[in-house]
Structure formats: C-alpha cells, structure tokens
Amino acid sequence: MTDAPTLLWLRQDLRLADNPALHAAGAGRVLPVFVLDDAAAGRWATGAAARWWLHHSLARLGAALAERGAPLLLLRGDARRVIPALAARTGAAAVHAGRHHAPWARARDAAVAGALQAEGRRLELHEGALLVEPERLRNGQGRPYAIYAPFARAVMALGEPAPPLPAPRRLNGIKPPEAGLKLDELGLLPRRAWAAAFPDFWTPGEAGAQARLRGFLEDAAGDYDRGRDIPGEDGTSRLSPHLHWGELSPRQVWHAAAPHSGPQGGRGTFLREILWREFSHHLLWHRPELPEQPLRRTYASFPYQPDRALLRAWQRGRTGYPIVDAGMRQLWRHGWMHNRVRMIAASLLVKQLLQPWWDGAAWFWDTLVDADLANNSANWQWVAGCGTDATPYFRIFNPVLQGRKFDSGGAYVRAFVPELARLPDRWLHEPWSAPAPVLREAGVVLGRDYPAPAVAPESGRARALAALRGMKAAE
DNA sequence: CGGCCATTTCA
DNA sequence: GAAATGGCC
C-alpha cells in the first residue's frame with residue numbers, strides 16, 4: 001500500500017504556506033477535506049460572524065488547492081463518523097491534521113483516532129498552531145505557567161521558532177469518492193444583511209492575511225507602542241481573525257516581525273501581544289474549564305445581577321457611555337472591536353452593570369469575526385477579575401477618563417456614535433455633564449437622541465466595590 | 001494593560 | 001494651585 005492516499009483534514013489551519021499537515025500529506029496522493037462539524041463543538045460551535053469569515057476563507061483556500069491539483073472536499077456532519085468513513089472509502093492509510101487545542105476538539109480527535117486505528121489507519125496531528133506546544137512548557141515547580149510575565153519570559157528564552165515551511169507548488173490530488181457540498185450549501189453566510197459592511201474591512205484568506213501582515217509591519221508597527229491604544233487610528237495589526245483560522249501561523253508572524261528590531265520598540269510590543277494569544281491557548285489547554293468556570297473559585301459566588309434589558313442595551317451600543325457604545329457599534333458593523341475598547345466595554349458590563357462575564361463572552365462569541373475560545377474566555381476572565389493572572393476586581397475602568405485619554409480628539413466616538421458628533425471634545429465622553437446650551441447647540445436631547453447612562457456615573461464604581469465585598473462575605 | 005484621594009513638589 | 005507621587009481600594 002505504498003501508494004495509498006492520505007486525507008488532509010483541514011480545521012483551523014486554512015493556509016498552504018507553513019502548514020506541517022499539508023507538508024506531510026502533500027508528499028503523496030492527497031484528498032483535502034473540510035468538515036463543518038457543529039455537533040462535536042456543542043455550545044462552542046462557530047459563531048455567526050466567524051462563520052461569515054469561514055465561508056470566505058474556504059472559498060480562497062478551495063481555489064488555491066484546486067489550482068495546485070487537489071480540490072477541497074466540503075462536507076458537513078459529525079467528524080467522528082465522517083472522517084473515518086471517508087478514510088475507508090478512499091483507502092487512505094493516514095489522516096493528517098493540524099493540532100486543534102480546544103477541549104471539545106481534543107475529545108473529538110481522540111475519538112477519530114480510535115475509530116481510524118480500529119481499521120488499521122492512523123490520525124497524525126501536526127504542530128504549527130502555536131509557537132510552543134502546551135505540554136512542553138513548565139515553570140520551576142514543574143507546573144504550567146499561570147502568570148503571563150514569566151510565561152512570556154520563558155517563551156522568549158526558547159529563542160526563535162523554526163523557520164516556516166514553504167507552500168507546495170503542486171499537489172497530487174485524488175478524485176473524491178463523492179461530490180461533497182457546494183460552499184453555499186454549508187449555509188455559513190448570515191441570512192440578513194448584517195454582515196454587509198464586513199468586506200469593506202476584511203479580506204479573509206491566506207493572501208489577505210499576508211497582505212495585512214506586510215502592511216502592518218511597514219506602516220503601523222513602528223509606532224505600535226502608542227498607536228495600538230488609539231481606537232480612532234488603524235494602529236493595531238488586525239491579524240486576529242487570520243490567526244484564528246490559521247490563514248497565518250504564529251511563527252510566520254514571528255519571523256516576519258522579529259528581524260526588524262530587538263525586544264524593545266513597537267515590534268517587541270507586538271510580539272508580546274502574539275504571546276498573549278499563546279498564553280491564552282496554553283491556559284485553555286491546562287484548564288479546560290476556562291470557558292465555563294471562574295478560575296478563581298471564590299468568584300463562583302459573585303453576586304451578579306442578570307438583567308436582560310441592561311445586557312441588551314450594552315449589546316446594541318445604548319449604555320449612554322459614548323466610548324463603550326462606539327465600541328459595541330463597531331463590533332456590530334465590522335465584526336471586530338479595538339482591543340482597548342474591548343477592555344473598557346467589558347469592564348463596564350461586568351463591574352458597573354454587574355452582568356455575568358459569560359453573557360458578555362457569549363455576545364462576543366457570536367459577533368466577533370476573530371472569536372476564539374481561548375482568547376475570548378481568558379480575556380473575559382481577566383476583565384472580570386476571576387482569571388489566574390487577572391486584573392484585580394477593584395481595578396475599575398472609568399469610561400470617561402479612558403475615553404478622554406485614548407480618544408481625546410473624539411474621532412472614534414464620532415465615527416460610530418454620529419448623534420453625538422457635534423458635541424465639542426470637552427463633553428463628548430460625558431454628554432450628561434454638558435451644559436444645556438451646549439447640548440442644544442449640538443442638537444442632542446439626552447434620553448431622546450442618545451440614552452442617559454445605564455448606571456449613574458457616580459454610583460457605578462461604588463456598586464461594583466459593594467458587590468465585591470458581598471462575594472467575600474459569602475465565602 | 002486603574003482610579004481615587006491624600007500628600008508632596010514645584011511654579 | 002497645578003502636577004507628580006504613593007498608598008489603598
């Protein structure tokens with residue numbers, strides 16, 4: 001069976017370059033396959049915005065693979081059944097796939113490996129989604145790192161990751177035993193016009209990822225230390241959705257960014273952001289309860305006050321806090337929110353509005369094109385104060401001060417909250433404080449054109465600290 | 001990857 | 001009296 005074909009099972013590694021699974025499978029006759037598998041993912045099935053991305057990414061990947069002689073087979077169903085069945089029909093000796101570290105994916109891969117093995121075939125999982133595999137990194141006590149700073153130091157101390165693999169020029173594809181589904185038949189695109197503006201901001205697919213990486217390193221990376229915190233500027237890399245779907249590997253990013261500078265300066269800061277992604281993924285690997293349970297167990301008794309109306313006001317960008325509302329509306333329109341504003345918006349929901357962090361996480365999961373179980377869960381726990389390396393609960397963002405500091409010219413708020421556009425900078429981040437003549441001049445009636453604050457500015461912080469004391473008393 | 005407030009420092 | 005500093009929540 002030396003000429004037995006192999007399956008290349010693509011999941012979250014939708015690229016040709018630096019793809020170890022493709023590299024291994026592409027040595028012989030190969031059938032690339034993608035399976036839309038919502039069953040195994042359960043409640044963490046890909047959210048609506050990420051599905052939009054996936055649709056377009058698969059379109060580009062399918063074209064690139066077909067060009068090289070191995071068209072992509074699209075299927076839907078439970079991969080625990082679909083992959084072994086396809087392997088049997090093609091007579092494949094091996095299935096190659098990139099490692100996928102989410103808890104549900106680990107369980108699924110174990111089941112697939114078992115089913116294949118029972119028929120004398122094998123599942124080969126390849127590295128490449130992370131810079132360092134989670135099993136490989138331990139602290140002085142032999143335990144996984146729980147704090148970011150020593151984690152990042154340890155990763156940096158490992159030195160350069162291996163150089164990226166080239167993309168194959170030609171592939172020896174086999175004829176699939178079935179026609180599979182057309183891309184449209186996967187039903188990934190939203191029915192409503194919600195995502196209509198996404199194409200103005202994103203180019204899913206490997207070429208778009210490379211273009212974005214090069215553009216960022218040429219334009220914004222040098223000023224990243226400052227620019228990354230200004231939501232009104234295009235100062236971040238915006239690589240997160242590309243990284244989530246594996247259109248780009250972290251070691252490709254590393255090797256593209258590192259040559260330009262040492263550990264200091266904009267590129268060093270940028271690489272440390274890439275390490276936050278790495279840290280979140282390691283955390284999820286070692287603490288699979290991360291999406292569901294607070295890592296600090298005392299927070300299980302935190303007295304959240306679930307309120308559907310408050311949650312909805314936050315989701316729709318109608319909290320009455322301009323910087324937060326701008327962020328929530330950016331999220332709805334672009335499928336993405338600037339990182340600085342994510343922190344402010346999340347902090348307001350959890351601390352001032354006393355809404356459960358998992359409700360916020362669920363909304364982000366459905367609306368972010370970069371929704372990623374590790375990053376999303378870890379960062380929400382960080383904001384909520386219940387993560388291992390979390391911001392202390394009493395560290396409560398003041399949305400007015402944050403707005404003044406990071407959107408001082410008001411470009412961001414004016415872009416997404418047009419009803420406040422004519423307010424002068426002085427009052428833009430706290431319209432409730434503006435004198436009546438100023439509001440009149442700007443054509444704003446609070447409560448009609450723009451909501452009054454969902455929680456009174458002077459009481460939000462006190463409420464949050466009172467709730468924290470409530471939790472400690474309940475221990 | 002804070003904010004608040006008391007206190008100090010310097011114009 | 002504004003701006004910087006430091007302890008505490």
Side-chain angles (χ1 to χ4, degrees), chain A residues 145-153 155-156 223-233 235-238 240 263-280 283 295-296 298-299 302-303 321 323-324 327 337-354 357 360-361 364 370 374-408 412 426 429-430 433 453 455-473 475:
Chain A
Y145 287 95
I147 311 291
Y148 170 75
F151 171 87
R153 249 193 310 278
V155 175
M156 287 293 196
D223 194 26
Y224 187 71
D225 277 331
R226 184 198 63 86
R228 72 189 176 119
D229 266 332
I230 313 298
E233 298 180 14
T236 67
S237 75
R238 291 208 281 126
S240 50
Q264 294 89 27
R267 288 191 173 85
T269 307
F270 171 59
L271 283 182
R272 277 189 289 278
E273 292 298 318
I274 297 295
L275 294 188
W276 272 105
R277 168 187 182 272
E278 194 83 4
F279 181 58
S280 297
L283 202 57
L295 295 186
R296 289 175 193 264
T298 61
Y299 276 80
F302 190 90
Y321 287 94
I323 188 76
V324 172
M337 195 194 308
H338 188 279
N339 183 58
R340 166 57 54 180
V341 189
R342 292 190 198 196
M343 293 192 279
I344 304 168
S347 179
L348 183 91
L349 181 76
V350 171
K351 297 184 175 174
Q352 276 96 331
L353 302 184
L354 293 176
W357 61 266
F364 274 25
D370 65 27
N375 293 335
N376 197 45
S377 308
N379 287 324
W380 274 95
Q381 291 222 26
W382 180 86
V383 166
C386 55
T388 54
D389 185 22
T391 170
Y393 188 85
F394 52 76
R395 191 176 286 173
I396 296 164
F397 283 80
N398 179 325
V400 177
L401 296 185
Q402 291 280 319
R404 277 192 204 143
K405 188 170 176 186
F406 297 111
D407 188 38
S408 54
Y412 185 71
R426 169 70 184 81
H429 293 289
E430 46 176 339
S433 301
V455 57
E458 61 276 11
S459 70
R461 181 182 168 79
R463 262 165 49 110
L465 290 173
L468 179 66
R469 281 193 296 275
M471 176 187 82
K472 288 192 168 150
E475 275 178 42

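The sequence lines fix the lettering, A, B, ..., with proteins before strands; numbering per chain opens at 1.
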Trainee: Between A:S240 and A:D370, is there a donor-acceptor pair closer than 3.5 Å when you use the side chain of the first and the backbone of the second?
Mentor: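 Not confirmed, A:S240 side chain does not pair with A:D370 backbone.
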Trainee: Check the pair A:W357, A:Y299 against ring-ring contact (aromatic ring centres under 6.0 Å, His included), reporting the backbone distance first and the verdict last.
Mentor: CA-CA 11 Å; A:W357 61 266; A:Y299 276 80; 10.0 Å; no
Trainee: For the residue pair A:F151 and A:F279, does the interplanar ring angle fall in the parallel (under 30°), tilted (30 to 60°) or perpendicular (over 60°) class?
Mentor: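 Answer is tilted, since the angle falls between 30° and 60°.
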Trainee: Please list, for nucleotides 2-7 of chain B, all pairs of protein and nucleotide N/O atoms separated by less than 3.5 Å.
Mentor:
| unit_1 | atom_1 | unit_2 | atom_2 | d |
| --- | --- | --- | --- | --- |
| B:dG2 | OP2 | A:R340 | NH1 | 3.0 |
| B:dG2 | O3' | A:Q402 | NE2 | 3.4 |
| B:dG2 | N2 | A:F394 | O | 3.0 |
| B:dG3 | OP1 | A:N398 | N | 3.3 |
| B:dG3 | OP1 | A:Q402 | NE2 | 3.0 |
| B:dC4 | OP1 | A:N398 | ND2 | 3.4 |

Trainee: A:L465: which residues meet the side chain to side chain contact (heavy atoms under 4.5 Å, CB included) condition with it, sequence neighbours left out?
Mentor: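 Once residues adjacent in sequence are excluded, the partners of A:L465 under the side chain to side chain contact (heavy atoms under 4.5 Å, CB included) criterion are A:F394, A:I396, A:R461, A:R469.
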Trainee: Please check if the side chain of A:K351 supplies one atom and the backbone of A:V383 the other of a donor-acceptor pair under 3.5 Å.
Mentor: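 Between the backbone of A:V383 and the side chain of A:K351 there is a qualifying donor-acceptor contact (under 3.5 Å).
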